[in-house]
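Reviewing the structure listed below.
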Amino acid sequence: DVSGFLQFRYLYNDGGSDAVTRGFDVERARIQFSGKAYDFDYAVSGQWSDTEFVLKDAFLSGNFGGFDVKAGQFVTKFFDGYVSDPTTLVYGDYSIIALTYGQGYSQGVEVSREFDVFNVYASYNDGFNTDNSTFGDNDYGFSARVEFDPCDYFTVGAAFARQNTVVDDYDSYTVDATAKFWGFDFNAAYVAANWNDNWNNYALVGTASYDLDDQMQVFGQYEYGVLDGVSDNLSVGTVGVNYLFNPNVRWSNSFGYAFGAIDGGYNLTDTGWETSASNGQYLIRSMVQITF
């Protein structure tokens, strides 16, 4: 099977302590090949971003004695705000918190199994955000996640991860909940990490959306973060609307506002946000997304 997606954006950023920035970009252009070979499922995908083409997913998976086993490069199960396919997110992109605390892609092995209303995942890998690395980096990590899914409308999850890298060793954990009913979709997630040997690094993300009809959806997202040694906490809110021309073409428009400064310790890669020494920064974003 051949699948993929394209995200084309216009961004306008102003306010705070920064000068105005604006322009168009192709946020992501991804193509994926997947299928079954010799009783194993597989997926291989690559993505054009800026001027590079990079490998994303590359894994084999199969079922052994009731356990699902995945091996290769993929997004392990940890923070639910970081997924392999960002087009499935209401916002269509990762939050600042997901990029800063999320697991990203890594290389390793993950074992999972469903136990009635519980789903359990365990992974051993090269550590968070170590995609396309080679043998010899001496980084490693492990993570475990449990999801309680009693019905189609409500899910609760919790996860823990340990990372050992050449520059730092740290732990992180997260808890999250999702509820869906009557056209509403709510998600909230808390995540923390003991960077610099203390737990004063934590964040909360809340997202809500409502389907006005089969084509139009309104949404809002709020991000709050605390970093050790940073004088101003992260406080960013975004509101917007999604318009579905059809199930494969979505037009998203949003307005984001920073209620405080945005420190350089946060990962702002490709978000449109800039580091700022004062509040008042705002981001206008319009994106057309096509999936196939």
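Count residues from 1 along the sequence. Computed from a prediction, not measured in an experiment: that's the story for all the values here.
- Surrounding OH of Tyr153 are at most 12 heavy atoms belonging to other residues, nucleotides or ligands under 6.0 Å away.
- Here the shortest heavy-atom pairing between Ser278 and Ser17 reads OG-N, 3.4 Å.
- For the residue pair Ser286 / Asn253, a side-chain donor-acceptor distance below 3.5 Å is found, with atom types taken as modelled.
- In this structure, Gln163 and Gly127 approach most closely via the heavy-atom pair OE1-CA, 3.0 Å.
- By the side-chain hydrogen bond (donor to acceptor under 3.5 Å, both in side chains) test, Thr238 pairs with no residue at all, sequence neighbours left out.
- Residues passing the side-chain hydrogen bond (donor to acceptor under 3.5 Å, both in side chains) test with Lys36 are Asp41, sequence neighbours excluded.
- In this structure, Ser143 contributes its side chain and Ala161 its backbone to no donor-acceptor pair below 3.5 Å.
- At a threshold of 4.5 Å between non-hydrogen side-chain atoms, the residues Val75 and Val83 do not count as touching.
- Defined by atom type and a distance below 3.5 Å, a donor-acceptor pair is present between the side-chain atoms of Tyr105 and Asp57.
- Contact of the Ser254 side chain with the Tyr91 side chain is registered, since non-hydrogen atoms from C-beta on lie closer than 4.5 Å.
- Checking Asp149 against Thr155 by side-chain atom types alone, a donor-acceptor pair falls below 3.5 Å.
- Residue pairs meeting the ring pair (Phe, Tyr, Trp, His ring centres under 6.0 Å) criterion with at least one partner in residues 203-228, sequence neighbours excluded, are Phe184-Tyr210.
- The local environment of CG in Asp213 is crowded, with over 12 non-hydrogen atoms from other residues, nucleotides or ligands closer than 6.0 Å.
- Between the Gln281 side chain and the Gly260 main chain, no donor and acceptor come within less than 3.5 Å of each other.
- Hydrophobic clustering keeps Val249 apart from Phe292 (ILVMFWY residues linked when any side-chain heavy atoms are closer than 4.5 Å, directly or through intermediates).
- Residues forming a side-chain hydrogen bond (donor to acceptor under 3.5 Å, both in side chains) with Asp228 (at least two apart in sequence, or on another chain): Asn198.
- Nearest heavy-atom pair across Tyr202 and Trp199 is CD2-O, 3.9 Å.
- In this structure, Gln215 contributes its side chain and Leu244 its backbone to a donor-acceptor pair below 3.5 Å.
- Once rounded to the nearest 0.5 Å, the distance linking CG of Asn279 with CD1 of Ile262 reads 10.0 Å.
- Summarising the geometry, atom OG belonging to Ser95 is positioned 10.5 Å from atom CG belonging to Asn267; distances are rounded to the nearest 0.5 Å.
- A side-chain donor from one of Thr291 and Asn248 sits under 3.5 Å from a side-chain acceptor of the other.
- Within the structure, ring pair (Phe, Tyr, Trp, His ring centres under 6.0 Å) pairs that include any residue of residues 262-285 comprise Phe255-Tyr282 (at least two apart or interchain).
- A chain of hydrophobic side-chain contacts below 4.5 Å, direct or via other Ile, Leu, Val, Met, Phe, Trp or Tyr residues, connects Trp182 to Leu212.
- The aromatic ring centroids of Tyr82 and Tyr101 lie 6.0 Å or more from each other.
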- prompt: Going through the distances and angles, do Arg145 and Phe79 end up as a side chain to side chain contact (heavy atoms under 4.5 Å, CB included)?
  reply: CA-CA 9 Å; Arg145 179 175 173 86; Phe79 185 55; over 6 Å; no

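- No donor-acceptor pair closer than 3.5 Å links the side chain of Thr130 to the backbone N or O of Ser133.
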Contacts table for residues 116-123: side-chain donor-acceptor under 3.5 angstrom, sequence neighbours left out:
{"residue": "Ser123", "atom": "OG", "partner": "Val109", "partner atom": "O", "Å": "3.2"}
{"residue": "Ser123", "atom": "OG", "partner": "Asn125", "partner atom": "ND2", "Å": "3.0"}

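- In this structure a side-chain-to-backbone donor-acceptor pair under 3.5 Å is present from Asn13 to Gly272.
- Taking the side chain as every heavy atom from C-beta outward, Phe78 and Phe128 approach each other to under 4.5 Å.
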- request: Step by step, work out the side chain to side chain contact (heavy atoms under 4.5 Å, CB included) result for Ile31 and Val2.
  value: CA-CA 7 Å; Ile31 187 168; Val2 181; 4.2 Å; yes

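- Judged as a salt bridge (charged side-chain N to carboxylate O under 4.0 Å, His left out), the pairs with a partner in residues 2-12 (not counting sequence neighbours) are, in order, Arg9-Asp25, Arg9-Glu27, Arg9-Asp93.
- With values rounded to the nearest 0.5 angstrom, Ser45 atom OG is found 9.5 Å from Asp85 atom CG.
- Considering only heavy atoms from C-beta on, Val205 comes within 4.5 Å of Gln221 through its side chain.
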message: Under the criterion side chain to side chain contact (heavy atoms under 4.5 Å, CB included), I'd like the reasoning laid out for Asn233 against Leu227: C-alpha separation, chi angles, the key distance, then a yes or no.
response: CA-CA 7 Å; Asn233 298 333; Leu227 285 180; over 6 Å; no

May I have the list of side-chain donor-acceptor pairs in residues 186-195 shorter than 3.5 Å, sequence neighbours left out?
{"residue": "Asn187", "atom": "ND2", "partner": "Asp80", "partner atom": "OD2", "Å": "3.1"}
{"residue": "Asn187", "atom": "ND2", "partner": "Ala177", "partner atom": "O", "Å": "3.4"}
{"residue": "Asn187", "atom": "ND2", "partner": "Thr178", "partner atom": "OG1", "Å": "2.7"}
{"residue": "Asn194", "atom": "OD1", "partner": "Asp171", "partner atom": "N", "Å": "2.5"}

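- Residues Gln73 and Asp131 bring no donor and acceptor atom of their side chains to less than 3.5 Å of each other.
- By the salt bridge (Lys or Arg N to Asp or Glu O under 4.0 Å) test, Glu274 pairs with no residue at all, sequence neighbours left out.
- Contact between Ala29 and Leu6 at its shortest, heavy atoms only, is CB-CD1, 4.0 Å.
- Between atom CD1 of residue Ile96 and atom CG of residue Leu268 there is a gap of 5.5 Å, rounded to the nearest 0.5 Å.
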task: Start with the C-alpha distance between Phe33 and Asp1, add both sets of side-chain angles, then the distance that settles side chain to side chain contact (heavy atoms under 4.5 Å, CB included), and finish with yes or no.
output: CA-CA 6 Å; Phe33 300 91; Asp1 296 323; over 6 Å; no

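- In summary, the aromatic rings of Phe245 and Tyr243 are positioned with their centroids under 6.0 Å apart.
- If you take CD on Gln107 and OH on Tyr124, they are separated by 12.5 Å, rounding to the nearest 0.5 Å.
- Of all heavy-atom pairs spanning Gly237 and Phe259, the tightest one is N-CE1, 3.8 Å.
- In this structure the side chain of Val175 never reaches within 4.5 angstrom of the side chain of Val156, judged on heavy atoms.
- Residues Asn242 and Ser252 have side chains that bring a donor and an acceptor to within less than 3.5 angstrom of each other.
- Residue pairs satisfying the ring pair (Phe, Tyr, Trp, His ring centres under 6.0 Å) criterion with at least one member in residues 1-30, sequence neighbours excluded, are listed as follows: Phe8-Phe24, Tyr10-Phe24.
- Remark: the Glu110 side chain and the Thr76 side chain contain no N/O donor-acceptor pair separated by less than 3.5 Å.
- To the nearest 0.5 angstrom, Asn63 atom CG is 10.5 Å from Phe40 atom CZ.
- Of all non-hydrogen atoms in Tyr94 and Pro86, the two that sit nearest each other are OH-CD, 3.7 Å.
- Every residue meeting the side chain to side chain contact (heavy atoms under 4.5 Å, CB included) condition with Arg113, not counting sequence neighbours, appears here in chain and number order: Phe67, Phe115.
- Atom OH of Tyr38 sits in a sparse spot, with 12 or fewer heavy atoms from other residues, nucleotides or ligands closer than 6.0 Å.
- Here Phe59 sits in one hydrophobic cluster together with Phe74; the rule is ILVMFWY side chains under 4.5 Å apart, joined directly or through other members.
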